[in-house]
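Everything below concerns the one structure shown next.
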Amino acid sequence: MNYTFDFNAVSIAPLLQGLWVSLQLTAAVNVLGVVLGFGLALLIMSPIKVVRLPFMLFVEFFRCTPAIVQIVWIFYCVPMLFDVFLDPMTMGIMALGLNLMAFNAEAYRASIQAVPREQLDAGIALGLNPLQRVLYIVFPTAFRASIPVLLTNGIVIFQQSALVAIVAIQDLMYQGKTLATETYRPIETFTVVALIYFAVSFPITQIVGLLERRRQILVS
Amino acid sequence: MMTLDFSILLRFEHALLLGLWMTIKLTVICIVLGCSLGFLVGLARASGNLALRAVSGAYIEFFRGTPVLIQLFWIFFCLPLILGVELSNLASGVIALTLYMGAITSETFRASLKSIGLEQLDACVALGLPRSAQVINVVLPQAVLRAIPTLLSNCVSLFKESALVSAVGMADLMFVGQNISNNTARPVEVLTVVALIYFAIAFPLTRAVSLIEGRILKKLAI
Amino acid sequence: MTTSFSLPLVKMQALHKSYGNGAIQVLKGIDIEMKPGERVVVIGPSGGGKSTLLRVMMGLEQIDSGSVSFDGKAYISSDGAARKTQIDTNVRRSIGMVFQHYTLFPHLSVIQNLVLAPCKVRGESKAKATARAQALLERFGLGAKANAYPAQLSGGQKQRVAIARALMLDPKLMLFDEVTSALDPELVGEVEQVILQLAAQNMPMMIVTHDMWFAKNIASRVIFCAGGVVVEDGPPEQVLGAPREERTKEFIDRVFHIKQ
Amino acid sequence: MTTSFSLPLVKMQALHKSYGNGAIQVLKGIDIEMKPGERVVVIGPSGGGKSTLLRVMMGLEQIDSGSVSFDGKAYISSDGAARKTQIDTNVRRSIGMVFQHYTLFPHLSVIQNLVLAPCKVRGESKAKATARAQALLERFGLGAKANAYPAQLSGGQKQRVAIARALMLDPKLMLFDEVTSALDPELVGEVEQVILQLAAQNMPMMIVTHDMWFAKNIASRVIFCAGGVVVEDGPPEQVLGAPREERTKEFIDRVFHIKQ
Amino acid sequence: QSAEGYWQGVQKAGTLRCGAAVAPPYVMRDPATGEYSGFFADLCKEFADVLKVKPEFVDTTWDNIVAGLQAGKWDLSLALNRTPTRAMAVQFSIPAMEYQISLAYNKNNPKITAGAASVADIDKSGVTLAVMSGTAQDKAISAAVKNATIMRLPGNDETRLAVTSKRADILVDASDTNQLFTQSNPDWAVALNPTPALAKQGVAFGLPHQLSAADVEVVDIFLEEKVATGHVDELIRKAVDDVLKGAK
Ligand SMILES: Nc1ncnc2c1ncn2[C@@H]1O[C@H](COP(=O)(O)OP(=O)(O)OP(=O)(O)O)[C@@H](O)[C@H]1O
Ligand SMILES: Nc1ncnc2c1ncn2[C@@H]1O[C@H](COP(=O)(O)OP(=O)(O)OP(=O)(O)O)[C@@H](O)[C@H]1O
Ligand SMILES: [Mg+2]
Ligand SMILES: [Mg+2]
């Protein structure tokens, strides 16, 4: 190997700016995903088939196609089809938000359906009406049970957010790519960028792991 | 609102198939290599050796904690320099996605190993089974059976993530799709069809996951 | 009280119930009358329909035909044709039930488990419900556990909390479905103790149990139920001690390990 | 047979065992001698160390000090200093064990569960092992289930298969740890029946059970074990019927529900 | 590096690997077959003939075309603009042609005033300029504008889509490339060559940093003749014709 490393070429300031954009994007997308994902979960569990089917298709479509395809599609096809163009950040939030909604809806659905039937029986035996059973028994238990998956999905979205660099949102990845081409120091730049992503994700995954273990102890 | 004309795609059927073939080839190779790697790393992660555990843990956390896109960039352009060897695009793609797959499947294998109750091992000891039979006849088959549904989901993830190689210039389905959409200036039709192709492959796989999951759960009563 | 002494507390009439659209007949015509103050123990082989019977009374299951009355009111009935079970939820609130697997709400503390229903169902004030709950917990020896979460309790404690929770709504009839069979043998006693306490206060109850010593001690009447029908029905001395029916005898012998 | 009549079959000497590096003392000096043909029932409160005792005999646990001999050979011993337990696996193979939770291998059919050990441990031919396995299954009333998977069996059937599996290696001593306590009461009988069959053939065995009627019927000797020591040891009539120790009496009363 | 020359090594391998990122008419990729055309691709094929090896085109993007060369993923990069910063990372052959940057836009776009002639005329906040990231035009326009927003996209496809989809107002690209764009969208697309010119640079082969002067000379001499004889101009005309024919 005849390559000399020069990390001085990597200026941190634009990368941190990019990181800030990535974090904003991640936060906004997660708010959408956690809130609307829940509504979507209710829709895909609707007893009415005509309501359920289109939303199930929606969820499956977003779960079964690459995120990069979704992003490129939303960025280029939506404006052409509907002749609207929102600012790139909004489009990015929309693209990743739809993706996360689909994944979170699945997480909610799984944990709502995992509420044991006996719990509901107990609710009936205590005279709670159907709405009360859903409100006081199903939601709290299901929401708690979904938290680790929601957090994991949230971190995955932080990583997926790197894809918006391809459509020129100036996130961490985009700044990294720009820096790499400007300085012709791709190794150093990409190494630093990878480390920044890691430094943000790692502590969160550790917390999720901790929560998961705590929950398992509590439930068993 | 524009009018859509999907017939232009007929001209590029062969190209799309070639792109799809690249995507599938890449996915299948990386599934095989990645699962093998993941299994070994899963074992290392569960082993008693502290160094092995630390190294495998760091590997998993790093690959799960960084975007696949940056892993690809790094392996495409940095690894050859650091190793001082030339790597073809395909080789780089295979290395990157194999490492990604290895990281996610190792967790699957580890979880399935962990889910085998200690009492199964007690039963092995009580039956006097030698260590080799414990592993080959009791632990491995159960671990693999339990891992299958999650492994299939991992495969679907890999299939989807493989679309990222288009960003480093590998001519996979996504790359060909973008190439066509540029040439024809019909991105809506082309990208929609590309998305549908991905969906048509991934969706049946996810259905298979639930089906197989049901079967295995029933058989093992877990 | 509207209950006149001569009136039965519960009256089941020609109860039929099946699963899988009639594929599995579980209750094949059950007629049971229960008088106020009675403590009915239901025994019988696994799969005989005991749990189903209690679940129907609690309004947890759809029935094929028949009816159940409480205090003279038919609160569960079925218009055979449409296979739709009518349940009068107001009447149902007079009945409490405890299940085999402690069905405490895991996300609520013990005291929250107890006050949930009174507050939400009857609109009782939180303060009042909490005071009543605390008193009930003390009585069951669980005063110190009010703020614990279910996961922090032993099986016996969980089951006692479940009983206390059901009592918070002042039921006029209690149903117990194998409430001790998931417990370590050592913990069975403390739960049975609590039920015996209730019995001493003349709480009407219907109990499914496999514990013959408990059955003997608590029952004022024993019903042997098998294959979806009532095979034998009488005082405990008869059904447990000198059963008239061959099937009852066989079952009792088996469970008592008299025959080897 | 090398076993001389006067020699004990099993001899435990000053067995000490703790968990968590001595934090939880579970066995605090156990000395038990078991003669050939004896059927020892071990009873005692939960957490008293019964399971641990059997697991130590089976070589499933490390011990702190002491030794266990079988047929005069100390096959489990500990050099107190290094806290390393020596286990002679050859001797251990003469002992079979059945656990509370049917530990069948879920991915193997019933017959495969039975032939695995003979083929792998003794190098027996598959054909021969299968024939023996089939015969054993017939004897236990499971002939028709040879190709079923464990998940398709009832609890009682699973436990009988587990016993058959242990017998495939022709053990000279069988250990049973609460093998019926996870079963529906109705299924308990069929499993106990099978163990009684073995008893009738003079198989030496050590049994942990909470089922006092079974204990009475099978035991040639009963040991009451609590707090990690042997509290009382004698013929069943004494320990179960008229215990000498206060703690034994208290336990028996509680489990027999005599005191309420 | 081994004592023997770079091109001997290529001859030993039997193939000349050319890193190719799409920029019509310099480099084009037929989506149906995956084959490369364009005059720089033609030059590469001819150079391979000289070496008596097979040409092999390695797909890449403008973002990665320098990094790939540094990483040894191919032997030479097609159609690189000669800039001083790049020259610190890689080497260049002599230029095959001169290149100029033009600005293509939708003539109905109200943000671009009629009579705009210089970069300063369009350098207003609210104006978005789409450019392929990592290209010479990226460097040039980034240095020239102060108020307009620059949107860097990975490829030719995306920059054109951005303008087509009205996400960007102006497409900053090589004048030849933009000419093709306006010719295939005659109803709305126009291009202007800003005065003063944004960049006048030579377009050349990119070569690895470690090449000896003798090795670089091999390519230079090859190009020298092609340029002098007018062969390159011929290739350019052919490529433009091809593109225009394809668009019809
Ligand atoms: N949800 C269900 N779907 C189909 N069949 C059911 C369902 N629940 C119960 N059954 C069947 O109904 C029959 C009666 O069940 P039930 O639980 O009432 O019996 P049980 O007398 O309570 O038995 P156990 O002593 O085992 O609790 C059984 O054959 C059972 O398999
Ligand atoms: N793996 C372990 N780690 C720590 N403590 C343990 C472990 N296994 C058992 N113990 C403790 O050892 C003690 C004895 O347990 P053991 O299972 O032998 O009791 P037992 O008499 O079989 O009880 P039971 O009737 O409930 O089966 C208990 O206090 C238990 O908590
Ligand atoms: Mg039941
Ligand atoms: Mg035990």
Side-chain angles (χ1 to χ4, degrees), chain A residues 1-3 5 22 57 60-70 72-83 106 152 155-156 158-166 171-173 176-177 180 185-191 193-206 209, chain B residues 1-2 4 23 60-85 153 156-157 159-167 172-174 177-178 181 185-192 194-207:
Chain A
M1 142 176 193
N2 52 6
Y3 189 91
F5 286 89
S22 296
L57 193 67
E60 291 304 336
F61 190 81
F62 276 88
R63 277 159 40 91
C64 291
T65 50
I68 184 175
V69 176
Q70 295 160 18
V72 170
W73 199 92
I74 286 180
F75 265 79
Y76 296 120
C77 299
V78 167
M80 295 186 77
L81 276 174
F82 306 110
D83 207 18
E106 258 315 286
T152 308
I155 303 167
V156 170
F158 175 60
Q159 288 156 16
Q160 298 279 33
S161 77
L163 297 180
V164 300
I166 289 175
D171 74 330
L172 175 55
M173 185 73 193
K177 274 171 48 170
R185 287 280 168 192
I187 303 192
E188 292 86 342
T189 316
F190 288 138
T191 305
V193 170
L195 286 176
I196 296 178
Y197 275 109
F198 181 70
V200 175
S201 305
F202 183 69
I204 307 179
T205 49
Q206 293 313 97
Chain B
M1 179 94 195
M2 58 186 292
L4 297 179
T23 293
I60 293 169
E61 290 302 342
F62 193 80
F63 277 83
R64 281 158 43 106
T66 50
V68 184
L69 190 59
I70 197 143
Q71 293 164 21
L72 276 167
F73 272 97
W74 208 90
I75 285 165
F76 263 70
F77 304 114
C78 306
L79 194 64
L81 279 178
I82 286 180
L83 295 181
V85 295
S153 310
V156 175
S157 302
F159 174 68
K160 292 190 293 168
E161 297 294 344
S162 78
L164 293 179
V165 299
S166 65
D172 74 330
L173 180 56
M174 179 71 185
Q178 284 181 305
S181 87
R186 316 264 346 166
V188 178
E189 291 90 337
V190 179
L191 289 176
T192 305
V194 167
L196 286 176
I197 295 177
Y198 277 108
F199 181 73
I201 293 176
F203 181 67
L205 271 174
T206 58
R207 290 298 93 179

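Predicted model, so just to flag it, every value in this text is computed and none were measured. Order of the sequence lines fixes the chain letters, A, B, ..., with proteins taken first and strands second; residue numbering starts at 1 for each chain.
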Per-residue tally against chain B (heavy atom, under 4.5 Å) across A:Ile204, A:Leu163, A:Ile155 peaks at A:Leu163

Would you call the rings of B:Phe199 and B:Phe203 parallel, tilted or perpendicular, where under 30° means parallel and over 60° means perpendicular?
parallel

What part of B:Ser181 gets within 4.5 angstrom of chain A, counting heavy atoms only: side chain, backbone, both, or neither?
neither

Which bit of B:Gln71 comes within less than 4.5 Å of chain A, counting heavy atoms only: side chain, backbone, both or neither?
neither

Options A:Ala199, A:Ala180, A:Ala194, ranked by heavy-atom pairs under 4.5 Å with chain B, top entry:
A:Ala194

Quick one: does B:Thr23's side chain have a donor or acceptor within less than 3.5 Å of a partner on B:Leu173's backbone?
yes

Heavy-atom proximity to chain B below 4.5 Å, by part of A:Ser161
neither

Between B:Leu164, B:Leu79, B:Val194, which has the largest tally of heavy atom pairs under 4.5 Å with chain A?
B:Leu164

Name the option with the most non-hydrogen atom pairs under 4.5 Å to chain A; the candidates are B:Ser166, B:Ser162, B:Cys78.
B:Cys78

Contacts under 3.5 angstrom, residues 61-69 of chain A side chains, donor-acceptor by atom type, not counting sequence neighbours:
{"residue": "A:Thr65", "atom": "OG1", "partner": "A:Phe61", "partner atom": "O", "Å": "2.8"}
{"residue": "A:Thr65", "atom": "OG1", "partner": "A:Gln70", "partner atom": "NE2", "Å": "3.0"}

Given B:Val190, B:Thr192, B:Ile197, B:Val156, the one with more heavy-atom pairs under 4.5 angstrom with chain A than any other is B:Thr192

Non-hydrogen atoms of chain B under 4.5 Å away: do they reach the side chain of A:Phe198, the backbone, both or neither?
both

Relative to chain B, which of A:Phe158, A:Tyr76, A:Trp73, A:Phe202 shows the most heavy atom pairs under 4.5 Å?
A:Trp73

Scanning both residues in full, the closest heavy-atom pair of A:Cys77 with B:Leu191 reads SG-CD1, 3.8 Å

If I take atom CE from residue B:Met174 and atom NZ from residue B:Lys160, how far apart are they, to the nearest 0.5 angstrom?
14.0 Å

What's the shortest heavy-atom distance between A:Ala165 and A:Lys177, and which atoms?
O-NZ, 4.4 Å

Taking all atoms of both residues into account, what is the closest heavy-atom pair of A:Val193 and A:Gly176, and its distance?
CG2-CA, 3.8 Å

